[in-house]
Number of protein chains: 2
Amino acid sequence: MSMMTLRLDAFLPYRLSVASNAVSTRISASYRRRFGLKVPEWRLLAILAEGSEMTPQALGNAARIDKISVSRAAAALIERGLIVARANPGDGRSHLLALTTDGRGLYAEIAPIALAMEAELLGNFSQEERDQFNALLRRIEAAAGTDSA
Amino acid sequence: MSMMTLRLDAFLPYRLSVASNAVSTRISASYRRRFGLKVPEWRLLAILAEGSEMTPQALGNAARIDKISVSRAAAALIERGLIVARANPGDGRSHLLALTTDGRGLYAEIAPIALAMEAELLGNFSQEERDQFNALLRRIEAAAGTDSA
DNA sequence: TATTGTTATACTCTATAACTATA
DNA sequence: TATAGTTATAGAGTATAACAATA
């Protein structure tokens, strides 16, 4: 009877969870403290700043947020006047969300800070390591998304 | 006035969070469904299986779990008869936790499944990529743990 | 009927704070 | 006084289900 032993320390889901938690605890505290934003709210701002107006569904796909969280985050941002909704001419069930001037202003304030935090976390990563890390994360994500279990 | 734009898609904290969430959603659902274990409970079993009896504090350090979660997870495991507590001869405030025979049995059942899930997630990773990924995660974790912000 | 979006509800994980018992 | 551990409480994130409006 051989005792199978797993080293938690080298177990990937554990390492990934610990690293992700350490990073997001630190970063989300900064968003909240400095800007009163929750993570899903910040993600919506970032996606909207990249392009033009979008439906909640498209936003959720782009930011990897389920429709319930999109709905709540959008409501909070609308209430603060950071985004606006207008009717979707193509589909009456939906609407189009876009940044306001205030929203663009807040985003312009946050983006450099977010990049600085990222740079701090990746302080000693070479560009190659950074690209590699990103690629590995995408592969993991794709494998986890597969419905084979 | 240059508009600073950040690509959320390439923003590391975002990628890390998405990958970690995809992995842990999938794996934790398996622990819960098949074994009735929450993640902190599984971690305590894994750490105790690696060595001998430990205090809650030592367990928390080894499994990266705060003392409140250790306390709750340990209580759940004790109630199920998977671990036992005995007085700590060196410190009356504390106690020593160890796996029971049942606990060892359950661990022996889970460990191969956990390793299989990990292998599935890392299916197309070479050993070198795997080691590199682990090392990068540790560096990120260390950088995030630093109290410079 | 199916889909978009909202609301209600619940669960996991984490964090803060107050408490106890020992040191 | 300080520390180990427990309990209470609250918040963020995510998930399921039921619902309203429109397709």
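Chain letters run A, B, ... following the sequence lines, proteins first, then strands; residues in each count from 1. Fair warning: this is a prediction, and the values are worked out from it, not measured in the lab.
Ring pair B:F133/A:F133 is tilted by interplanar angle, where 30° to 60° counts as tilted. Classification of the B:W42-B:Y31 ring pair by plane angle, with boundaries at 30° and 60°, yields tilted.
To the nearest angstrom, C1' of C:dT7 lies 8 Å from CZ of A:R72. Computed from coordinates, the B:Y31 OH to C:dC13 P distance equals 11 Å when rounded to whole Å. The CG atom of B:D66 sits 13 Å away from the C1' atom of D:dT7 (whole-angstrom rounding). Rounded to whole angstrom, the span from the CD1 atom of B:I65 across to the C1' atom of D:dT6 amounts to 16 Å.
Nearest-nucleotide assignment on DNA chain D puts the 5′-proximal partner with B:Q57, out of B:Q57 and A:R32. The residue among A:V39 and A:R93 whose nearest nucleotide of DNA chain D lies closer to the 5′ end is A:V39. Between A:I68 and A:T25, the one whose closest nucleotide on DNA chain C sits nearer the 5' end is A:I68.
Here B:S94 does not reach the OP1 or OP2 of D:dT3: none of its side-chain N or O atoms lies under 4.0 Å away. For A:K67, no side-chain nitrogen or oxygen approaches OP1 or OP2 of C:dG5 to under 4.0 Å.
B:N88 comes within 4.0 angstrom of no nucleic acid atom, judged by non-hydrogen atoms across all strands. Contact annotation for A:S69: base contact, defined as any heavy-atom pair under 4.0 Å involving a base atom.
Note that A:R43 lies outside the cation-pi zone of B:Y14, set by a 6.0 Å cut-off to the ring centre and a 45° limit from the axis.
The closest donor-acceptor contact from the side chain of A:R15 to the backbone of A:D9 lies under 3.5 Å.
Applying the 3.5 Å distance criterion, the base of D:dT14 shares no donor-acceptor pair with the side chain of B:R26.
Comparing D:dG13, C:dG5, D:dG5 against the side chain of A:P56 picks out C:dG5 as the nearest.
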